[in-house]
There are 2 protein chains.
Amino acid sequence: MKVNGTPYRSIWYDHDTAEVRIIDQRWLPHDFRIATLKSRADFATAIYEMWVRGAPLIGVTAAYGMAEDMARDPSDANLDATWEALNATRPTAINLRWALDRCRAHLAPLAPADRAEAAMQLAHDMAEEDVDINRRIGQHGLALIRDIASRKPAGEPVRLLTHCNAGWLATVDWGTATSPMFQAADAGLNIHVWVDETRPRNQGALTAWELNSHGVSHAYVTDNAGGHLMQHGMVDMVITGTDRTTAQGDVCNKIGTYLKALAAQDNNVPFYVALPSPTIDWTLRDGVAEIPIEERNPREVSHVQGIGTDGAITEVQVTPQGSEVGNPAFDVTPARLVTGLITERGTSPATAEGLAAMFPEHASKVA
Amino acid sequence: MKVNGTPYRSIWYDHDTAEVRIIDQRWLPHDFRIATLKSRADFATAIYEMWVRGAPLIGVTAAYGMAEDMARDPSDANLDATWEALNATRPTAINLRWALDRCRAHLAPLAPADRAEAAMQLAHDMAEEDVDINRRIGQHGLALIRDIASRKPAGEPVRLLTHCNAGWLATVDWGTATSPMFQAADAGLNIHVWVDETRPRNQGALTAWELNSHGVSHAYVTDNAGGHLMQHGMVDMVITGTDRTTAQGDVCNKIGTYLKALAAQDNNVPFYVALPSPTIDWTLRDGVAEIPIEERNPREVSHVQGIGTDGAITEVQVTPQGSEVGNPAFDVTPARLVTGLITERGTSPATAEGLAAMFPEHASKVA
């Protein structure tokens with residue numbers, strides 16, 4: 001999407017210099033920096049130190065890392081060594097492992113001399129596939145926004161609310177929850193986005209940065225504000241992303257999503273979740289009972305990062321010394337609170353039947 | 001309540017030195033400092049710069065300020081001048097005006113020579129009245145906690161959740177929502193308190209400091225966490241305070257309270273609100289429709305205060321440059337979501353009938 005009028009992706013191949021470049025996200029939303037990744041060590045560092053983040057983007061970054069290293073040494077031994085080195089950077093990131101497995105399965109049968117070119121082509125393909133999936137999600141979401149817009153008085157914006165950053169910075173382009181927003185703005189629809197701060201890591205600041213950079217009207221609000229906004233008719237639609245959706249449509253997403261879904265139901269506001277279908281876990285049904293919720297480092301809650309009074313990025317401790325701190329990182333929104341699931345194939349009811357009808361090839365896997 | 005084993009109030013008169021002392025709350029939760037207020041200017045500064053905060057405490061501070069200034073000059077002219085000077089410090093704080101009106105009505109009929117002593121006695125009385133109201137709220141809340149404890153397996157704590165700081169720092173002692181917690185802990189009950197951070201001003205840090213200082217088991221969590229905790233049976237009861245409650249039991253409180261009430265209802269967790277009866281607004285019924293919600297300075301959201309890396313209190317900006325920021329400061333929880341209102345007279349259903357039965361002297365005022 002655009003940054004100061006120039007279209008960007010979160011990762012891209014510069015054909016002129018034959019180099020892979022990324023947006024170094026560590027400095028966002030305060031500073032926009034681009035980094036060039038050359039060696040396997042560069043790619044490993046970028047994933048490990050979270051210069052890049054978001055499951056789809058991590059996977060594509062790993063694929064480019066594999067391609068760059070195959071150009072250096074396409075041997076079987078190095079294919080395995082690169083798989084190991086990159087997979088070790090974020091061992092719990094399922095999408096990273098999936099991407100690396102795909103690369104190895106594609107490259108291993110080839111003669112070593114053919115691997116570098118094939119690996120680079122595969123990385124390009126994986127990037128384009130991600131862009132295409134998210135573009136399609138955006139098209140289906142755009143149809144929902146258009147429908148709301150058609151029922152609003154002229155001149156009134158469609159007001160959306162989102163939680164966390166399911167934005168283009170977490171993918172290669174478009175994002176998931178943000179894709180309908182960008183497409184609506186690009187289509188000239190009048191929209192306004194309420195962006196939840198998303199404590200403890202304040203990923204809402206990334207979403208706000210994305211919307212601001214692309215020129216989409218928005219306001220950053222605390223996670224506490226959404227219920228009040230919905231009570232007073234100031235939200236027409238909620239769209240969030242998800243980390244994992246069960247076969248019956250329960251949605252695991254960043255902590256606090258469930259509270260917004262409750263407020264949406266209480267105020268008859270439609271609550272949609274945008275997701276690429278690979279994030280559906282067909283082996284699970286009851287998300288509340290079956291999905292373990294990660295308890296993350298309390299320091300994410302006790303300390304807040306931002307721009308200090310001297311203009312440099314720093315952090316402050318907000319909790320008193322001696323207080324215990326809890327940090328459950330995700331919650332599960334039961335399917336009964338979800339109006340629909342916006343996938344690359346279309347919008348499905350958040351039900352086992354709806355998902356099975358849209359993805360019949362997976363239906364047999366359902367527990 | 002106790003700080004490092006020593007009982008404190010938020011404001012007290014030191015009879016040995018004939019001076020009024022307060023806890024200077026600007027440095028909490030990071031630093032515990034005591035200040036002495038001598039002149040009218042000292043009292044005005046303490047209220048204006050929020051060395052003291054919370055409606056009851058502000059009122060009592062103003063009464064002591066009036067008393068100190070009557071000792072200097074008990075004339076009619078100074079009675080009016082002191083009223084004006086102190087009232088101007090927080091012109092929208094209704095309780096401040098109420099306290100100053102009460103002082104003036106009490107003192108004006110007296111001979112100037114009698115005013116200093118009468119004003120000091122009145123300030124003492126107002127402080128004791130506040131302590132007594134909150135002590136009674138705590139007794140009624142304690143009965144509810146005992147009831148839950150009696151149904152829990154042995155050794156399991158009663159787990160409470162609270163939002164914002166309806167604590168003793170906002171009153172003279174005990175607090176409102178915290179009073180049942182302190183009394184339960186003092187009675188030897190096994191309790192654990194989930195303390196919501198309460199963005200944007202993070203008053204949860206004050207509540208955590210209070211509980212930590214008094215030795216009550218607790219954990220500081222983000223505002224997003226409560227729904228997940230309730231889904232998993234980790235909350236037995238919610239108790240919050242309120243800024244204003246309507247005659248039918250709608251509760252206006254710090255932004256985000258409504259979201260916790262929705263989660264409580266969805267998970268069959270009792271949701272109680274603790275309040276001194278003077279905060280009931282008998283002229284209002286429908287809180288969502290009738291109570292205007294203050295939109296406060298966006299800087300409260302965009303900037304976060306805490307202890308910096310050098311150990312000094314500082315702030316960081318968390319939002320990107322150029323993003324609009326919204327800051328609605330309160331929301332209204334409809335009475336249908338409130339299990340009961342814990343007042344100094346007992347626990348009332350959150351209904352017009354329940355409140356009228358408990359406060360028959362006000363029932364005629366109901367619109």
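Just so it is clear: chains get the letters A, B, ... in the order the sequence lines come, proteins before strands, and each one is counted from 1. Computed over heavy atoms, backbone and side chain alike; hydrogens, waters and symmetry mates excluded.
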[X] versus chain B, heavy atoms under 4.5 Å apart: side chain, backbone, both or neither?
{"X": "H303(A)", "value": "neither"}
{"X": "N212(A)", "value": "side chain"}
{"X": "Q305(A)", "value": "backbone"}
{"X": "N202(A)", "value": "side chain"}
{"X": "H218(A)", "value": "both"}
{"X": "L206(A)", "value": "neither"}

* Which answer fits L211(B), side chain, backbone, both or neither, if we ask what part of it has an atom under 4.5 Å from a heavy atom of chain A? -> neither
Count the heavy-atom pairs under 4.5 Å between each of [options] and chain B, then report the option with the highest count.
{"options": "V325(A), L259(A), V221(A)", "result": "L259(A)"}
{"options": "A263(A), G256(A), A329(A)", "result": "G256(A)"}
{"options": "D331(A), L229(A), T222(A)", "result": "T222(A)"}
{"options": "P298(A), G308(A), G322(A), G204(A)", "result": "G322(A)"}
{"options": "P200(A), P334(A), G227(A)", "result": "G227(A)"}
{"options": "Q321(A), H30(A), Q231(A)", "result": "Q231(A)"}

Verify the distance criterion only: is there a donor paired with an acceptor across the side chains of [X] and [Y] at less than 3.5 Å?
{"X": "E197(B)", "Y": "Y220(B)", "result": "yes"}
{"X": "D196(A)", "Y": "Q203(A)", "result": "no"}
{"X": "H163(A)", "Y": "T240(A)", "result": "no"}
{"X": "N267(B)", "Y": "H232(B)", "result": "no"}
{"X": "N253(A)", "Y": "T242(A)", "result": "no"}

I need the residue from [options] with the largest number of non-hydrogen atom pairs under 4.5 Å to chain A.
{"options": "P320(B), P29(B), G306(B)", "result": "P320(B)"}
{"options": "I313(B), I293(B), N327(B)", "result": "I293(B)"}
{"options": "T309(B), D266(B), V301(B), V304(B)", "result": "D266(B)"}

* Atom CG of N4(A) with >12 non-hydrogen neighbours under 6.0 angstrom -> no
* Verify the ring-centre separation between F330(A) and Y258(A): is it less than 6.0 angstrom? => no
* Asked: Does the ring centre of W209(B) sit less than 6.0 Å away from the ring centre of F32(B)?
  -> yes
* **Nearest-0.5 Å distance, CZ of residue R285(B) to OG1 of residue T246(B)** => 8.0 Å
* Asked: Are the side chains of H228(B) and I255(A) in touch, meaning some heavy atoms are under 4.5 Å apart?
  -> yes
